[in-house]
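Values below: all heavy atoms of this structure, side chains included; hydrogens, waters and symmetry mates excluded.
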Amino acid sequence: MKSRRTALLMIGFALLAAGCGSSRYTVIEPPKESVRDFKILEIRDFKSNLQDEDSIRLADNFADRLNKAVQEDRAEHPGESIFEQVVRGDSATGDVLVLDGTIISFEKGSRAKRYFIGFGAGKAFCTIQSTFTNKSTGQEILKTNFDGELSMSFFGGSADEAVDAVVAAYIDYLRDYFAKTSAK
């Protein structure tokens, strides 16, 4: 009986510590040409439509954070991406698909409300709109929104967990639409 109670407490603690974050992506404009023709994904610096300090700081750091996550995913799943390389900056040449992103919403929410009330009170969220452009022609190929949110977590969680959820949405999208095994 005591071990069952201990197990239930540990499971409850694990659920609280994990938090209730979610992510998703929404295709705003579907591809105008095949993305399979590109060998390189070039991730450029992100921008922010918002002028608050937190949003600008997020924009300044997000491309590096995303690039790191993409590189880690590529290491975990070698040979699955249609891209031979994923690079940062703007110096790649050849068959390059450029990823630009703009933060269009970011709310840190209330950590106290997430902790004491939960279930959506004090929710943190972030939305980044990204365009994928053919570098050689300058034509926008597709446009997608990436969303992440955190509604509750152990000790209220950090708004950074909502940003982690956005990164997860990008990884899901790249796996769904830019994988060799994908039939989409």
Side-chain angles (χ1 to χ4, degrees), residues 18-32 35 38 41-74 81 83 86-90 97-115 117-135 138-179 182 184:
C20 273
S22 65
S23 65
R24 68 182 168 277
Y25 58 83
T26 306
V27 176
I28 305 299
E29 294 177 18
K32 295 177 179 116
V35 295
F38 298 96
L41 176 64
E42 180 179 273
I43 301 173
R44 295 218 177 138
D45 290 339
F46 280 45
K47 298 176 176 96
S48 177
N49 282 350
L50 310 172
Q51 297 306 309
D52 63 281
E53 186 178 311
D54 292 324
S55 298
I56 292 169
R57 184 176 26 255
L58 174 60
D60 289 343
N61 299 316
F62 192 83
D64 289 329
R65 188 174 184 168
L66 177 61
N67 183 57
K68 180 181 177 194
V70 168
Q71 298 301 344
E72 288 170 356
D73 187 66
R74 288 170 60 84
S81 174
F83 302 112
V86 176
V87 298
R88 278 280 293 124
D90 60 4
L97 185 64
V98 176
L99 167 59
D100 288 300
T102 304
I103 296 169
I104 59 175
S105 73
F106 180 57
E107 177 60 51
K108 290 172 66 170
S110 169
R111 187 177 201 147
K113 286 182 181 178
R114 287 191 299 271
Y115 178 67
I117 301 170
F119 305 105
K123 178 171 64 172
F125 60 88
C126 179
T127 301
I128 299 178
Q129 187 167 86
S130 286
T131 57
F132 294 82
T133 306
N134 181 330
K135 188 171 186 175
Q139 179 182 358
E140 183 180 292
I141 304 299
L142 63 113
K143 185 185 288 187
T144 306
N145 282 359
F146 297 89
D147 303 290
E149 62 182 40
L150 174 68
S151 57
M152 61 190 246
S153 184
F154 190 62
F155 293 122
S158 166
D160 204 44
E161 292 175 55
V163 177
D164 288 341
V166 174
V167 171
Y170 274 95
I171 297 300
D172 289 345
Y173 184 74
L174 292 173
R175 281 187 193 155
D176 289 348
Y177 292 96
F178 296 93
S182 175
K184 296 179 182 173

Please step through ring-ring contact (aromatic ring centres under 6.0 Å, His included) for the pair Phe38 and Phe178, ending with a clear verdict.
CA-CA 10 Å; Phe38 298 96; Phe178 296 93; 8.9 Å; no
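- Judged purely by distance below 3.5 Å, without hydrogens or angles, the side chains of Ser105 and Thr127 pair a donor atom with an acceptor atom.
- Contact check for Leu50 versus Ile103: side-chain heavy atoms found under the 4.5 Å cut-off.
- With respect to the salt-bridge test (charged N to carboxylate O, under 4.0 angstrom), the residues Arg74 and Glu72 do not qualify.
- Here the straight-line distance linking atom CZ of Arg44 with atom OG1 of Thr131 works out to 9.5 Å at 0.5 Å rounding.
- Residues Phe146 and Phe62 place their aromatic rings such that the two centres sit no closer than 6.0 Å.
- Counting heavy atoms from C-beta outward, Phe46 and Ser130 have side chains that approach closer than 4.5 Å.
- Contact annotation: the side chain of Leu142 never approaches that of Lys32 to less than 4.5 Å [non-hydrogen atoms, C-beta and beyond].
- Taking OG1 of Thr26 as the reference point, atom CG of Asp147 lies at 5.5 Å (rounded to 0.5 Å).
- A salt bridge is defined here as a Lys NZ or Arg NE, NH1 or NH2 lying under 4.0 Å from an Asp or Glu carboxylate O, and Lys135 with Asp90 fails to meet this definition.
- With respect to Asp54 and Arg57, a salt bridge is recorded, a charged nitrogen being found less than 4.0 Å from a carboxylate O.
- One finds the CZ atom of Phe132 at 6.5 Å from the CG atom of Leu97 (value rounded to the nearest 0.5 Å).
- Distance CD1/Ile171 to CG/Asp73: 5.0 Å, rounded to 0.5 Å.
- Between the side chain of Glu29 and the main chain of Ile141, no donor-acceptor pair closer than 3.5 Å is present.
- When atom types are taken as modelled, the side chain of Arg88 and the backbone of Ile43 share a donor-acceptor pair closer than 3.5 angstrom.
- Salt-bridge check for Asp172 with Arg24: failed, with every basic side-chain N at 4.0 Å or more from each acidic carboxylate O.
- Checking side-chain atoms of Ser81 against main-chain N and O of Phe83 turns up a donor-acceptor pair under 3.5 Å.
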Verdict with reasoning, Val86 to Gln71, per side chain to side chain contact (heavy atoms under 4.5 Å, CB included)
CA-CA 8 Å; Val86 176; Gln71 298 301 344; 3.6 Å; yes
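- Using a 4.5 Å heavy-atom cutoff, the side chains of Tyr25 and Asp176 are in contact.
- Proximity of Ile56 to Gln51: side-chain heavy atoms (C-beta onward) are separated by under 4.5 Å at one or more points.
- When side chains are defined from C-beta on, Glu42 does not count as touching Leu99, because their heavy atoms never get closer than 4.5 Å.
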